[in-house]
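Have a look at the structure below before the remarks.
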2 protein chains.
Amino acid sequence: MERRRADIIAETLEERICDGTYPDGERLDEVRLAESFGVSRTPLREALQKLALSGLVEQLPRRGVFVRQPGPVELMEMFEVMAEMEAVCGRLAAARITDEALAELDAANAECRKAVTAQDADAYYLENERFHHIIYRESGNAFLAQETGSLHRRLKPFRRMQLRLRGRLPQSMSEHEEIVAALRAGDGAAAADALRAHVAVQGEKFRFLMARLKSAAE
Amino acid sequence: MERRRADIIAETLEERICDGTYPDGERLDEVRLAESFGVSRTPLREALQKLALSGLVEQLPRRGVFVRQPGPVELMEMFEVMAEMEAVCGRLAAARITDEALAELDAANAECRKAVTAQDADAYYLENERFHHIIYRESGNAFLAQETGSLHRRLKPFRRMQLRLRGRLPQSMSEHEEIVAALRAGDGAAAADALRAHVAVQGEKFRFLMARLKSAAE
DNA sequence: CGGACATTTTTTGTATACAAGGAGGTTGAC
DNA sequence: GTCAACCTCCTTGTATACAAAAAATGTCCG
């Protein structure tokens with residue numbers, strides 16, 4: 001699949017917004033960005049509109065586009081929805097998952113365990129992501145998997161951050177094992193609860209981090 | 001809020017796709033459409049990209065955009081997700097709903113009842129929509145309400161269709177009352193179950209309609 | 001007569017040019 | 001001195017022009 005420049009630009013800008021290169025409220029100037037990318041305004045505008053639709057920037061007509069980092073409230077809301085969607089994925093997957101997928105989950109968890117002993121949060125996140133995406137897929141509902149993955153992607157930087165909290169890695173690890181156990185047992189309710197809690201606690205941890213950052217700034 | 005032509009065009013095209021003016025697989029010609037709207041290709045392309053991101057059309061690079069009606073499988077998947085999301089809204093709303101909102105739900109249901117006796121499926125759908133959106137809002141999670149509303153919008157034509165089935169109106173009506181009762185009682189699990197079933201049955205009815213349409217075509 | 005290659009034509013993607021609306025500054029009046 | 005109106009400049013939205021890629025057509029060879 002060949003790609004347009006506009007798509008590549010959108011991806012780059014998305015990364016920059018997520019990693020904080022552009023702070024909240026910053027106006028993204030079409031001409032300056034176009035110059036910096038070495039393209040005209042046309043593909044750049046397309047990229048900005050794409051970002052606007054995915055909610056990363058706000059587009060005020062005749063005013064410009066502004067990066068719109070989700071505030072603490074919105075982030076908590078998003079984590080709540082994420083938890084519920086993963087729970088649904090888990091409940092459906094418990095009834096539909098294949099043995100092969102269970103083996104994949106075990107494999108991902110094994111890699112996770114390695115990362116835990118190595119205290120490598122980045123490596124952990126990578127395998128953790130694989131773990132979750134397998135569950136999305138095994139929900140047997142491609143649309144659900146798509147939507148859940150999309151939200152996962154949007155929360156990625158925030159999910160990632162809380163993994164650096166002391167003791168979070170082993171805790172997350174044991175939650176993973178509980179999830180797999182429920183899936184293997186075909187217990188939809190248990191899988192849903194385990195996944196909901198697993199994601200919800202991420203929201204909690206993240207909120208804690210936010211609060212600490214804020215107080216540190218004062 | 002002033003609006004761009006591109007947005008108006010996107011809305012118009014969205015309607016046309018939903019109501020079947022453009023059949024599945026049809027290529028949307030940029031120049032022809034631009035002429036018909038009396039604009040240049042620029043705003044029209046922006047509109048098409050917007051539609052592509054919301055999933056109503058598929059955009060093959062260097063090939064063009066094609067309307068992509070969801071197939072039966074995808075529709076069932078979407079209904080399944082819709083049911084789950086409404087269930088979540090209901091569960092949260094049961095704990096967070098205000099007395100005013102409960103009164104609003106009663107009012108919407110009263111209008112629904114009128115529509116049932118009048119056998120007016122269109123009027124019913126209108127109030128039905130209000131009913132559901134109140135629950136989305138009362139979930140107390142603006143992000144969830146947004147996402148749920150967005151999916152509702154996408155399924156609108158299909159949700160609407162099944163209301164014309166014989167006996168569906170009174171059945172839907174009684175489901176509504178069960179939902180309100182659960183919400184009033186603050187019973188989150190009951191509200192979730194009632195809403196999930198209410199939406200899931202819509203998917204079932206719709207599938208039935210699809211099957212009948214298909215067999216009639218043979 | 002069929003298939004493959006070259007050419008033409010159509011269509012998308014990008015660049016540039018133009019128009020229109022808003023932000024900010026300046027000037028004038030009170 | 002302050003507020004308001006006007007004017008200017010800048011930015012966005014739209015139109016047109018150009019380039020590149022894919023589809024269509026025709027031609028040549030087997």
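Below, read A as the first sequence line, B as the second, and so on, with proteins coming before strands; counting in each chain starts at 1.
- In this structure, the CZ atom of A:R62 is 11 Å from the P atom of D:dT12, given to the nearest Å.
- Atom CG of B:L33 and atom C1' of C:dT12 are 14 Å apart (whole Å).
- Atom CG in A:L48 sits roughly 9 Å away from atom P in D:dT12 (whole-Å rounding).
- Contact check, A:R5 against C:dT14: a side-chain N or O comes under 4.0 Å of OP1 or OP2.
- If you check every strand for non-hydrogen atoms under 4.0 Å, A:V39 touches sugar and phosphate atoms only.
- Listed nucleotides: C:dA15, D:dG13, D:dA22. Nearest to the side chain of A:P43: C:dA15.
- Taking only distance into account, the side chain of A:R63 never meets the base of C:dG21 through a donor-acceptor pair shorter than 3.5 Å.
- One can place CZ of B:R41 at 14 Å from P of D:dC18, the figure rounded to the nearest angstrom.
- Summarising the geometry, the separation between CD1 on A:I9 and P on C:dG13 is reported as 14 Å, rounded to the nearest angstrom.
- Checked by atom type and distance alone, the side chain of A:T12 pairs as donor or acceptor with a backbone atom of A:I8 at under 3.5 Å.
- Which of D:dA20, C:dT16, D:dT14 sits closest to the side chain of A:S40 comes down to C:dT16.
- Residues B:C18 and B:L56 form a side-chain contact, since some pair of their non-hydrogen atoms from C-beta on lies under 4.5 Å apart.
- Judged purely by distance below 3.5 Å, without hydrogens or angles, the side chains of A:E86 and A:Y136 pair a donor atom with an acceptor atom.
- The separation between B:E46 atom CD and C:dG13 atom C1' is 14 Å, rounded to whole Å.
- Within the structure, a side-chain polar atom (N or O) of B:R4 is placed less than 4.0 Å from OP1 or OP2 of D:dG13.
- Each of B:R27 and A:T42 was assigned the nucleotide of DNA chain C with the nearest heavy atom; the assignment lying further toward the 5' end belongs to B:R27.
- To the nearest angstrom, P of C:dT16 lies 15 Å from CD of A:E30.
- Proximity of A:E127 to A:K114: side-chain heavy atoms (C-beta onward) are nowhere separated by under 4.5 Å.
- B:Y125 and B:R160 form no side-chain donor-acceptor contact under 3.5 Å, judged by distance and modelled atom types alone.
- One atom, CG of B:D7, and another, P of D:dG13, lie 9 Å apart when rounded to the nearest Å.
- B:R45 comes within contact range of at least one nucleobase, with a heavy-atom separation under 4.0 Å.
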